[in-house]
Amino acid sequence: ATMFGAEMGARIIAVDVSTERLKMATDSGAWATVDASNDDAPEQIKELTQGDGVDASLEAAGLAVTRVAAVESTRIFGRTCLVGEGGEVTYQPTPHIIHRHLTLMGSWTFSTFGLAEAARFTAERNVPLGSVITSRSTIEEAAQAYEEFSSGAPGKFVINWD
């Protein structure tokens with residue numbers, strides 16, 4: 001998301017608690033990063049945006065705290081997209097959404113058309129997706145690789161089938 005947004009001209013503010021993932025975000029084109037380990041990400045984001053908040057936010061962790069922070073970090077008349085799976089969250093509809101005219105949406109997967117469009121975009125603009133691959137595994141080692149990445153390891157892993 002950071003690479004694609006930066007390639008489209010957006011000023012990306014990446015938020016994480018992992019210094020490794022924040023460095024990866026910077027290397028992927030993030031304009032700024034926010035270390036959310038002290039739970040004040042919305043305040044840090046508002047400081048970076050002169051008090052306005054971001055035009056659009058994308059929440060990918062699926063945690064209640066990050067879902068609320070994404071909403072609280074988005075400006076009035078902004079958009080928040082939730083893609084992180086799992087968990088539950090409680091919003092206060094009036095201050096979080098209604099009075100701020102916030103558009104809240106979810107996205108789970110691409111259509112085949114969307115996947116083809118993303119592949120074309122990646123190829124045409126030479127988006128360096130390979131730089132986020134931090135580990136490769138054989139199919140025989142896949143269970144160990146999944147365990148490693150489910151613990152929060154940065155980057156993405158690829159299973160080699162040959």
Side-chain angles (χ1 to χ4, degrees), residues 1-87 89 100 102-137 145-146 148-160:
T2 298
M3 284 182 183
F4 277 34
E7 184 63 36
M8 291 177 191
R11 288 192 327 170
I12 304 298
I13 301 172
V15 180
D16 209 300
V17 297
S18 162
T19 56
E20 293 95 353
R21 286 193 294 267
L22 290 172
K23 181 179 179 335
M24 187 175 283
T26 298
D27 294 344
S28 297
W31 170 74
T33 60
V34 167
D35 182 344
S37 58
N38 57 5
D39 294 331
D40 71 342
E43 290 81 11
Q44 292 182 63
I45 289 169
K46 287 187 179 160
E47 189 174 307
L48 287 167
T49 59
Q50 289 71 49
D52 293 332
V54 296
D55 294 332
S57 63
L58 175 74
E59 190 285 330
L63 305 172
V65 66
T66 56
R67 288 174 175 164
V68 170
V71 165
E72 291 176 343
S73 300
T74 305
R75 69 169 174 78
I76 294 173
F77 286 104
R79 303 169 316 280
T80 296
C81 183
L82 307 175
V83 299
E85 285 279 352
V89 65
R100 297 178 55 239
L102 192 69
T103 300
L104 187 61
M105 62 193 109
S107 181
W108 185 56
T109 188
F110 278 112
S111 64
T112 54
F113 173 79
L115 286 171
E117 185 178 1
R120 272 193 305 279
F121 181 90
T122 301
E124 289 170 0
R125 298 193 184 211
N126 201 24
V127 179
L129 293 181
S131 66
V132 298
I133 298 172
T134 55
S135 180
R136 294 181 182 271
S137 170
Y146 271 103
E148 176 185 340
F149 276 86
S150 68
S151 70
K156 301 295 177 191
F157 76 93
V158 172
I159 297 174
N160 293 323

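Below, each value reflects all heavy atoms present in this structure, side chains not excepted, and no hydrogens, waters or symmetry copies. Positions are given from 1, in the same order as the sequence printed here. Please read these numbers as outputs of a predicted model, since none were measured by experiment.
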**Request:** Could you list the residues that satisfy side chain to side chain donor-acceptor pair (under 3.5 Å) with Glu117, not counting sequence neighbours?
**Result:** none
Compile the donor-acceptor pairs under 3.5 Å between side chains in residues 44-52 and protein atoms, sequence neighbours left out, one pair per line.
unit_1 : atom_1 : unit_2 : atom_2 : d
Gln44  : NE2    : Asp35  : O      : 3.0
Gln44  : NE2    : Asp40  : OD1    : 2.5
Lys46  : NZ     : Glu72  : O      : 3.2
Thr49  : OG1    : Ile45  : O      : 2.9
Thr49  : OG1    : Lys46  : O      : 3.4
Thr49  : OG1    : Gly53  : N      : 2.8

**Request:** Give, for atom CD of Glu148 and atom OG of Ser137, the distance between the pair rounded to the nearest 0.5 Å.
**Result:** 9.0 Å
**Item:** Any side-chain heavy-atom pair of Thr103 and Met105 under 4.5 Å
**Value:** yes
**Request:** To the nearest 0.5 Å, tell me how far Glu59 CD sits from Ser73 OG.
**Result:** 11.0 Å
**Prompt:** Among all residues two or more places apart in sequence or in another chain, which pass the side chain to side chain donor-acceptor pair (under 3.5 Å) test with Arg75?
**Reply:** Asp55
**Request:** Go through the structure and list residues passing salt bridge (charged side-chain N to carboxylate O under 4.0 Å, His left out) with Lys23, not counting sequence neighbours.
**Result:** Asp27
**Asked** How close do Ala64 and Val89 get, heavy atom to heavy atom, and via which atoms?
**Response** O-CG2, 3.8 Å
**Request:** Could you list all the salt bridge (Lys or Arg N to Asp or Glu O under 4.0 Å) pairs where at least one residue sits in residues 118-130, not counting sequence neighbours?
**Result:** Glu7-Arg125
**Asked** Does any non-hydrogen side-chain atom of Trp31 lie less than 4.5 Å from one of Thr26?
**Response** no
**Asked** Nearest heavy-atom pair of Gly62 and Arg67: which atoms, and what distance?
**Response** CA-NH2, 3.5 Å
Name every donor-acceptor pair, under 3.5 Å, that has one atom in a side chain of residues 78-87 and the other anywhere in the protein, sequence neighbours excluded.
unit_1 : atom_1 : unit_2 : atom_2 : d
Thr80  : OG1    : Ser57  : OG     : 3.0
Thr80  : OG1    : Thr74  : OG1    : 2.9
Glu85  : OE2    : Trp108 : NE1    : 2.5

**Fill in**
One should read off an interatomic distance between Thr122 OG1 and Met3 CE, to the nearest 0.5 angstrom, of 9.5 Å
**Message:** If I compare all heavy atoms of Val15 with all of Ala36, which pair ends up nearest, and what's the gap?
**Reply:** CG1-CB, 3.6 Å
**Prompt:** What is the ring orientation for Tyr146 with Phe157, classed by angle as parallel under 30°, tilted 30 to 60°, or perpendicular over 60°?
**Reply:** perpendicular
**Complete:** Tightest non-hydrogen contact, residues Ala6 and Ile12, listed as N-CG1, 3.8 Å
**Prompt:** How far apart are the C-alpha atoms of Thr33 and Ile13, what are their side-chain angles, what is the distance that settles it, and do they pass the side-chain contact (heavy atoms from CB on, under 4.5 Å) test?
**Reply:** CA-CA 5 Å; Thr33 60; Ile13 301 172; over 6 Å; no
**Request:** Indicate the atoms forming the closest heavy-atom contact of Ala14 with Leu22, along with that distance.
**Result:** O-CD2, 3.8 Å
**Item:** Distance, nearest 0.5 Å, that separates OG1 of Thr19 from CE of Met24
**Value:** 11.0 Å
**Complete:** Between Ala1 and Leu58 the two heavy atoms that sit nearest each other are CB-CD2, 3.5 Å
